[in-house]
Amino acid sequence: MRKQVVDLDRFVRELKKARKKSQAPVITLIANRGATPFEILASTLLSLRTKDAVTDAAARRLLAVANTPEQIAALPAQKIEKLIYPVGFYPTKAKRLIEISRILLERHDGRVPDEMEALLALPGVGRKTANLVLIEGFGRDGICVDTHVHRISNRTGIVTTRTPEETEFALRKTLPKKYWKPYNELLVSYGQTICVPVSPFCSRCPVEAECPKQDVTRSR
DNA sequence: AAAACGGGGGC
DNA sequence: GCCCCAGTTTT
């Protein structure tokens, strides 16, 4: 049996059309007004395991008060907790924002490092966060794999991988470079509205006909 | 490999 | 009421 293959050109084109209606993700909103690498790092840290509407409001409240390592490091943890509530893990994230700010001041001249290794060395920064900072903050080429990108890339059969990191490297080989930047943010909004984790709305999906629906047992 | 961190929202 | 979420760290 021949494996169905989703047409990447058409997939991305249709997703762009579909995105017009949905709300832009927080990172895009911030990037659109010229976010600094530190702002991208801080808001990405807030976003972990938290829905983007909640993250967006919290990031705006925080960055309006403090948007540099100096300013964050000078704030009491309790004050940051209050600003970012109710993002998930807010007490941990408040401490981490301060900790990272201090490390940046002590070890990196108060700037966000622009290398993967140095970013991963920061507490609470994993591959997803580091990639987003490098791509959105420093304009690097790369693919940022989160749960949406991982799930949808496998569900559609664009790649076949077990971990997000494997997905990142598989996409680097499979995906034409011109799609690297739009791919992540397109899939995130698509993954929040149509291709949701459980019981996705396949009837509203532009590539429904070609999709092997790898992990889908029920669809709507 | 799996639990844990935390609270809001969907169903 | 139960399950899931723009992950990462620790066991």
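Chain naming here is simple, since letters A, B, ... match the order of the sequence lines and numbering starts at 1 in each. The structure displayed is predicted, hence computed values, not measured ones.
Atom-to-atom, CD1 of I100(A) to P of dG7(C) comes out at 16 Å; the value is rounded to the nearest Å. Rounding to whole angstrom units, CZ of residue F89(A) and P of dG7(C) are separated by 10 Å. Straight-line distance from the CZ atom of R127(A) to the C1' atom of dG7(C): 14 Å, rounded to whole Å. Here dT8(C) presents its P atom at 11 Å from CD of E168(A), a figure rounded to the nearest Å.
By the 4.0 Å N-to-carboxylate-O rule, K93(A) lies too far from E99(A) to be salt-bridged with it. Using a 4.0 Å cut-off between charged side-chain N and carboxylate O, R10(A) and E210(A) make a salt bridge. Between D215(A) and R151(A) there is no salt bridge, since no side-chain N of the basic residue sits under 4.0 Å from a carboxylate O of the acidic one. One finds a salt bridge joining D114(A) and R140(A) here, because a Lys/Arg side-chain nitrogen approaches an Asp/Glu carboxylate oxygen to under 4.0 Å.
Neither OP1 nor OP2 of dC5(C) sits under 4.0 Å from any side-chain N or O of T147(A). For dA1(B), the OP1/OP2 oxygens have a side-chain nitrogen or oxygen of R162(A) closer than 4.0 Å. OP1 or OP2 of dT8(C) lies within a sub-4.0 Å distance of a side-chain N or O belonging to T129(A).
Between H150(A) and R162(A), the shortest heavy-atom distance links the atoms NE2-O, 3.3 Å.
In this structure, R96(A) reaches the sugar-phosphate backbone alone: every heavy-atom distance under 4.0 Å involves primed, P, OP1 or OP2 atoms, never a base. Within 4.0 Å of T50(A), counting heavy atoms only, lies at least one base atom of the nucleic acid. Within the nucleic acid shown, G124(A) comes within 4.0 Å of sugar-phosphate atoms alone, with no base atom in reach, counting heavy atoms only. Looking at heavy-atom distances under 4.0 Å, V125(A) makes contact with sugar-phosphate atoms alone, never a base.
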Under 3.5 Å, which N/O atoms of the protein pair with N/O atoms of nucleotides 8-11 of chain B?
residue, atom, partner, partner atom, Å
dG8(B), OP1, Y85(A), OH, 2.5

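Nearest to the side chain of D146(A), among dA6(C), dT9(C), dG6(B), sits dA6(C). For V188(A), the listed nucleotide lying nearest its side chain is dA6(C); candidates were dT8(C), dA6(C), dG6(B). Closest to the side chain of Y90(A), from the set dC5(C), dG7(B), dA1(B), is dG7(B).
Here dG8(B) sits opposite dC4(C) as a Watson-Crick or G-U wobble pair (both hydrogen-bonding atom distances under 3.5 Å).
Toward the 5′ end of DNA chain C lies the nearest nucleotide of V198(A), the other residue of the pair P123(A) and V198(A) mapping further downstream.
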